[in-house]
Protein chains: 2
Amino acid sequence: MSDSRSRSSSRSSPERSSTGSSREPSEARAENGSRAERKEQTRRKLLDVTLRLITERSLAGISLREVAREAGIVPTAFYRHFASMDELGVDLVDESMRPLRQMLREARKGRVAHGDIITETVAVLAKQVRAHPDQFRFLTRERYGGVAAVRRAISTELRLFTSDLTVDLARLTSGFNWSTDDLEMVADLMVTAMLGTITTLLDQRDRHPEDSVSILTLAEKQLRLVVLGMSAWRSEA
Amino acid sequence: MSDSRSRSSSRSSPERSSTGSSREPSEARAENGSRAERKEQTRRKLLDVTLRLITERSLAGISLREVAREAGIVPTAFYRHFASMDELGVDLVDESMRPLRQMLREARKGRVAHGDIITETVAVLAKQVRAHPDQFRFLTRERYGGVAAVRRAISTELRLFTSDLTVDLARLTSGFNWSTDDLEMVADLMVTAMLGTITTLLDQRDRHPEDSVSILTLAEKQLRLVVLGMSAWRSEA
DNA sequence: AGTTTCAGTGAACGTTTGTACACTCACCAG
DNA sequence: CTGGTGAGTGTACAAACGTTCACTGAAACT
């Protein structure tokens with residue numbers, strides 16, 4: 001069916017070695033970029049194609065051949081970029097989670113009032129989910145998915161999220177002598193709640209797109225409930 | 001490698017129609033059970049094999065042939081029981097979740113003090129996870145997995161869990177005029193937290209088995225934190 | 001006793017898969 | 001100008017896949 005796309009690079013150079021003055025590398029070539037750039041472009045295409053295909057299937061259900069086909073290269077050329085689909089998956093995890101982690105860290109930076117932090121965090125998350133739904137779909141799908149290496153990569157990165165949050169909670173509760181264990185417990189609950197929100201967000205997105213608002217207020221409420229619990233906790237235990 | 005197992009049913013009847021006195025169905029046959037029973041046995045085997053194989057792969061990564069092979073039947077005989085692997089997956093969801101839901105409902109029945117309910121609920125969950133780890137692994141793996149039908153089935157059943165809990169929360173907070181939306185919000189948070197506990201429980205089980213205790217106290221703490229949050233909430237909003 | 005039902009068989013099919021191998025030829029460095 | 005590098009090609013193959021079809025034979029029904 002979709003097999004007519006692989007015939008796009010037959011003619012290579014329209015006017016090759018004509019005037020002799022084409023020496024400097026800064027000339028406007030018909031084909032784009034240097035060798036390294038071209039390679040990076042294909043790499044990107046492989047990653048993007050996989051991300052797109054994973055909308056309706058899991059990583060384990062996507063074949064190397066299919067990804068290569070959609071990216072417009074022959075199956076064997078795939079190996080120039082990744083040793084296997086598993087490796088591609090791990091790279092995809094890094095690429096998806098590292099920027100997000102940075103954004104969430106900065107959303108909490110400099111702020112002290114709990115309310116602000118919660119609103120800001122939920123907003124950042126919502127914006128990211130809206131901007132890169134495929135990445136989040138990939139992450140939720142593969143978090144407990146069939147590929148062990150990918151699962152491990154996500155789990156590791158997620159632990160960093162929790163540890164970031166634990167540090168910030170420690171700063172916010174300094175003076176109320178919380179134990180590290182209890183702080184981690186709360187951070188874990190918050191991260192879990194936000195992960196739940198993400199999945200709800202993705203689910204709802206498919207059916208009726210603009211219910212996001214109610215989901216986000218729900219998420220904020222849940223976080224606020226936990227913060228309230230923290231106040232009561234400190235005056236109990 | 002593992003191909004030497006399919007040659008176990010070559011000789012069918014060692015002494016067929018010898019004496020003529022083998023008429024009544026209550027006779028001690030070498031093979032067991034009636035026709036319907038035999039069929040149910042094979043069905044069970046198919047379900048069990050799938051559950052076992054899913055420990056290290058996802059449903060989408062398990063082939064119909066492999067399941068049939070491990071169950072000791074020929075691939076085509078699979079269709080006598082399920083129309084596809086997807087259908088088998090949906091049946092597996094029902095079988096795993098319905099009894100659990102019943103148990104959790106009864107764990108909350110007749111109790112009024114929050115502490116009791118929390119302890120009891122976590123205990124029931126822990127016991128079930130310990131008793132049927134494969135089922136829970138299957139559920140967490142396929143909850144956002146690659147097979148749409150299975151995803152939907154789990155999601156539906158999970159919503160019932162939340163709605164059960166919402167009803168019970170309504171009973172417990174009667175007189176404090178909570179809105180249904182807010183009760184659902186809390187119930188959702190609690191269910192999400194417990195799902196997180198389950199996955200942590202399964203992860204840790206593989207590495208060092210007897211850290212379950214600390215995970216369970218963590219789970220109880222999280223639930224208790226939420227309940228504390230509820231008290232503070234009602235006196236605020 | 002005679003007939004029907006149906007779980008399981010076995011061969012065959014057309015695809016698709018991952019990977020091996022020898023290759024081309026545009027690019028970059030010397 | 002020249003030689004090496006390496007991204008992408010094309011062919012090839014064995015293995016596994018889902019599904020089809022006509023079949024067997026014991027249990028169940030009449």
Side-chain angles (χ1 to χ4, degrees), chain A residues 1-3 5-14 16-17 20 22-27 29-46 57 60-88, chain B residues 1-3 6-17 20 22-27 29-46 57 60-88:
Chain A
M1 231 175 280
S2 63
D3 213 60
R5 205 169 303 120
S6 56
R7 286 270 66 81
S8 62
S9 60
S10 302
R11 75 278 179 279
S12 51
S13 47
R16 178 164 43 96
S17 71
S22 63
R23 225 168 309 155
E24 62 262 65
S26 64
E27 209 218 332
R29 269 260 164 278
E31 303 287 359
N32 37 8
S34 69
R35 177 125 92 168
E37 283 169 15
R38 300 280 301 266
K39 172 161 187 181
E40 181 55 27
Q41 275 176 26
T42 323
R43 201 188 108 99
R44 267 255 58 80
K45 212 166 197 173
L46 289 171
R57 312 220 285 291
I62 298 174
S63 70
L64 182 153
R65 283 184 108 104
E66 193 175 5
V67 172
R69 198 184 310 131
E70 295 283 307
I73 60 172
V74 96
T76 44
F78 178 95
Y79 294 105
R80 300 285 178 195
H81 304 273
F82 306 99
S84 62
M85 280 296 292
D86 291 17
E87 196 182 287
L88 183 150
Chain B
M1 228 177 284
S2 62
D3 214 60
S6 56
R7 285 271 65 80
S8 62
S9 61
S10 303
R11 73 280 178 277
S12 52
S13 49
E15 38 177 293
R16 177 165 46 96
S17 71
S22 60
R23 224 166 310 155
E24 63 263 62
S26 64
E27 207 218 334
R29 268 263 164 278
E31 305 286 359
N32 37 8
S34 71
R35 177 126 91 168
E37 283 169 14
R38 300 282 301 266
K39 172 161 187 181
E40 181 55 27
Q41 276 176 25
T42 322
R43 203 188 108 100
R44 266 254 59 80
K45 213 165 196 173
L46 289 171
R57 311 220 285 292
I62 299 174
S63 71
L64 182 153
R65 284 184 106 104
E66 192 176 6
V67 172
R69 197 186 310 131
E70 294 284 307
I73 61 173
V74 97
T76 46
F78 177 95
Y79 294 105
R80 300 284 178 196
H81 304 273
F82 306 99
S84 63
M85 281 297 291
D86 290 18
E87 195 181 289
L88 183 150

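For the numbers below, each heavy atom of this structure counts, side chains included, while hydrogens, waters and symmetry mates do not. Each chain gets a letter, A, B and so on, in the order its sequence line appears, and its residues count up from 1.
- The separation between B/Leu46 atom CG and C/dG8 atom C1' is 12 Å, rounded to whole Å.
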* To do: Check the pair B/Phe78, B/Met85 against side chain to side chain contact (heavy atoms under 4.5 Å, CB included), reporting the backbone distance first and the verdict last.
  => CA-CA 9 Å; B/Phe78 177 95; B/Met85 281 297 291; 3.8 Å; yes

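- One can place CD of B/Glu37 at 14 Å from P of C/dA7, the figure rounded to the nearest angstrom.
- Of the possible polar contacts, one joining the B/Glu37 side chain to the B/Ser34 backbone as a donor-acceptor pair under 3.5 Å is found.
- Between B/Lys39 atom NZ and D/dA28 atom C1' the separation is 14 Å, expressed in whole Å.
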Using a cutoff of under 3.5 Å, can you pull out all pairs of nitrogen or oxygen atoms linking the protein to nucleotides 16-18 of chain C, with atom names and distances?
| unit_1 | atom_1 | unit_2 | atom_2 | d |
| --- | --- | --- | --- | --- |
| C/dT17 | OP1 | A/Ser63 | OG | 2.7 |
| C/dT17 | OP2 | A/Arg69 | NH2 | 2.8 |
| C/dG18 | OP1 | A/Leu64 | N | 2.9 |
| C/dG18 | OP2 | A/Leu64 | N | 3.4 |
| C/dG18 | OP2 | A/Arg65 | N | 3.1 |
| C/dG18 | N7 | A/Arg65 | NH1 | 2.3 |
| C/dG18 | O6 | A/Arg65 | NH1 | 2.7 |

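- In this structure, CD1 of B/Ile73 is placed 14 Å from C1' of C/dG10, rounded to the nearest angstrom.
- Interatomic distance, CD of A/Glu66 versus CZ of A/Arg57, reported as 4.0 Å (0.5 Å rounding).
- Where B/Thr42 and A/Ala83 each meet DNA chain C at their nearest nucleotide, the meeting point lying more 5' is that of B/Thr42.
- In this structure, the CZ atom of A/Arg38 is 9 Å from the C1' atom of C/dA26, given to the nearest Å.
- Taking atom CZ of residue A/Arg35 and atom C1' of nucleotide C/dA29, one finds them 11 Å apart after rounding to whole Å.
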* In sequence, state the C-alpha distance, the side-chain angles, and the governing distance for B/Ile73 and B/Leu46, and then conclude on side chain to side chain contact (heavy atoms under 4.5 Å, CB included). => CA-CA 9 Å; B/Ile73 61 173; B/Leu46 289 171; 4.1 Å; yes

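- For the atom pair A/Gln41 CD and A/Lys45 NZ, the distance stands at 8.5 Å (nearest 0.5 Å).
- Spacing between atom NE2 of B/His81 and atom C1' of C/dA7 amounts to 6 Å, rounded to whole angstrom units.
- Checked for salt-bridge contact, A/Arg43 and A/Glu40 meet the test: a charged N lies under 4.0 Å from a carboxylate O.
- Rounded to a whole Å, the NZ atom of B/Lys45 is 17 Å from the P atom of C/dA7.
- For the OP1/OP2 pair of C/dC21 and a distance below 4.0 Å, the side-chain nitrogens and oxygens of A/Thr76 include no atom meeting the criterion.
- One donor-acceptor pair, N or O on each side, does fall under 3.5 Å between the base of D/dG8 and the side chain of A/Arg80.
- Interatomic distance, NE2 of A/His81 versus OG1 of A/Thr42, reported as 4.5 Å (0.5 Å rounding).
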